[in-house]
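Read the structure below first, then the notes.
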There are 2 protein chains.
Amino acid sequence: MTKTPGAATTKVGITLDRVVEAAFVVLQRDGIAKLSARAVAAELNVRMNTVMWHIRTKDRLLGLMAESIMGEVDLENLPGDWREQVAELLRRLRRAMLGHRDGALLVAGTFPVEPNTLAFSERVVTVLFEGCPTRKSAAWTSWSLFYFTLGLVQEEQATPAELHDRLRESVDERCFPGLHSVLEDYVSIDYSERFDFGIEQILQSAPTTKPRPHAAS
Amino acid sequence: MTKTPGAATTKVGITLDRVVEAAFVVLQRDGIAKLSARAVAAELNVRMNTVMWHIRTKDRLLGLMAESIMGEVDLENLPGDWREQVAELLRRLRRAMLGHRDGALLVAGTFPVEPNTLAFSERVVTVLFEGCPTRKSAAWTSWSLFYFTLGLVQEEQATPAELHDRLRESVDERCFPGLHSVLEDYVSIDYSERFDFGIEQILQSAPTTKPRPHAAS
DNA sequence: ACCTGAACACCGTTCAAGT
DNA sequence: ACCTGAACACCGTTCAAGT
């Protein structure tokens, strides 16, 4: 009766790629906390279940977005020796994550077992083989680099001023003298500098750090 | 009319501490995804708004829980030289987080500017002062150690078998030869060994890594 | 294969009301 | 200060129904 049969349910040309695209628009505008299937649907002018049909599950959408960010990292044209090459790879990862609001949170939330993510890991590990004493130490060093990068970029993307101000208020000189004396360095917003420092520190000892023999034998 | 006025709303003896306690029970049983104010209320046999009145906000509850975990870390009786002392501090943090389901996720989600968390940071930074060339490098090294620990324990607590199996399936020898050749080390579940390796690697170069001079001067 | 409506069982937050 | 009921505006998932 009140139904307009002409303009009813027909295909509307949504692709999984377009859904992920729209999800990034919502992410940039509203942040990851407000990224919902309904919001993505509104962005595409379709109903929510259309989005759900393509993504199957919210978690899968997040995984696709993380994988997409990993795909932005160029793995070619690396400069210099193995050390510089690894540093450059992680610098590019950092830039890719910084390119999207809450990008580090997104990548940290899921390790997508997908081509782009695997290709990045492959590249890092392969370059590390050149400088590390064992393959195992190369594998484990890649995790150290990855976790450091994720952590630092998450800090950088997490509403910077607020937490730092609260720290400056709370770090009393009497209770926390050490922290107080380095507070400005502790909460420094020179993130690229801190990034370079951390990566370099890990890589510096990489050639000499061996996994301990499991037992004394 | 249908109301029993005697057993109506009277105090029931809930404390913020008891709420947090109950929250840990729910966390252990159901995981962080199902940790809700309603679930905590059920655990305490009160209504949800009672819980909300005490915690004010869900985020504050999570912060209180993280701060509580940090409080489990004993900061006294550290053995050996500065290197061993720092390693021991982070080992204790790791154990505290492992003691609660999704403990690392909880701590990573918020940096509570509260006494226990600050005291831990103070202790780590202070010990690092002994071995690092500058105060700045000590501060930044403490972040490297913290992020590595959070990342690795999150990996350890995130439904181990599932992801590793998917990796073994997907890491084709032809596409990802390097990764393939170290896969078993790459996804090793010897987490204490990997932890020791990572901490040691960071600490090894700590005495020699200086923050770069900001400009060439 | 694609798109929708409707219903489900959940959320956290807010506000007025009780003691 | 403490506890509750009720309502609000949201979630993601599921299922039956359309083309």
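In what follows, chains carry the letters A, B, and so on, assigned in the order in which the sequence lines appear, proteins first and then strands, with residues in each chain numbered from 1.
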Practice task
Decide yes or no for A/L61 and A/T57: does some side-chain heavy atom of the first lie under 4.5 Å from some side-chain heavy atom of the second?
Solution key: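 A/L61 does not reach A/T57 side chain to side chain.
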Exercise for the section: Report yes if the side chains of A/E88 and A/N77 come closer than 4.5 Å at any heavy-atom pair, otherwise no. Expected result: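 Answer no - side chains too far apart.
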Roughly, in whole Å, what's the span from [atom1] in [X] to [atom2] in [N]?
| X | N | atom1 | atom2 | answer |
| --- | --- | --- | --- | --- |
| B/W53 | C/dC15 | CH2 | C1' | 16 Å |
| B/R47 | C/dA17 | CZ | C1' | 17 Å |
| B/R18 | D/dC2 | CZ | C1' | 14 Å |

Exercise for the section: With sequence neighbours left out, write down each residue that passes salt bridge (Lys or Arg N to Asp or Glu O under 4.0 Å) with B/R29, or none if nothing qualifies. Expected result: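 Expected list: B/E43.
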Problem - Members of residues 21-28 of chain A that approach DNA chain D, where some heavy atom sits under 4.0 Å away - result: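 Per residue number, the list is empty: none.
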Problem - Aromatic contact, B/F195 with A/W143 (centres under 6.0 Å) - result: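 For B/F195 and A/W143, the ring centres are not under 6.0 Å apart.
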Problem - CZ (B/R101) with more than 12 external heavy atoms under 6.0 Å - result: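 It does: B/R101 CZ has more than 12 such atoms within range.
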Practice task
Assign the ring pair A/F197 / B/W140 to parallel, tilted or perpendicular, where the plane angle (0 to 90°) is split at 30° and 60°.
Solution key: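 Rings of A/F197 and B/W140: perpendicular, over 60°.
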Exercise for the section: Give the ring-plane orientation class for A/H100 versus A/F24, where under 30° counts as parallel, over 60° as perpendicular and anything between as tilted. Expected result: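 If you compare the ring of A/H100 with that of A/F24, the planes turn out tilted.
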Practice task
Would you verify whether the NZ or CZ of A/R135 falls within 45 degrees of the ring axis of A/F129 while also being under 6.0 Å from that six-membered ring's centre?
Solution key: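 Output yes; distance and angle both within limits.
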At a cut-off of 3.5 Å, list every protein nitrogen or oxygen paired with a nitrogen or oxygen from nucleotides 11-13 of chain C, distance to 0.1 Å.
from	atom 1	to	atom 2	distance (Å)
C/dC11	OP1	B/S36	OG	3.0
C/dG12	OP1	B/K58	NZ	2.9
C/dG12	OP2	B/A37	N	3.3
C/dG12	N7	B/R38	NH1	2.7
C/dG12	O6	B/R38	NH2	3.2
C/dT13	OP1	B/T57	OG1	2.7
C/dT13	OP2	B/K58	N	3.0

Handout entry: Watson-Crick or G-U wobble partner of C/dC15, both distances under 3.5 Å
Key =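 The answer is D/dG5, by the H-bond criterion.
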Handout entry: Pair assignment for D/dC10, Watson-Crick or G-U wobble, requiring both distances under 3.5 Å
Key =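 Looking at the geometry, D/dC10 pairs with no nucleotide.
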Exercise for the section: For C/dA1, take OP1 and OP2 only and decide whether either is under 4.0 Å from a side-chain N or O of A/H54. Expected result: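 Checking C/dA1 against A/H54, no side-chain N or O comes under 4.0 Å of OP1 or OP2.
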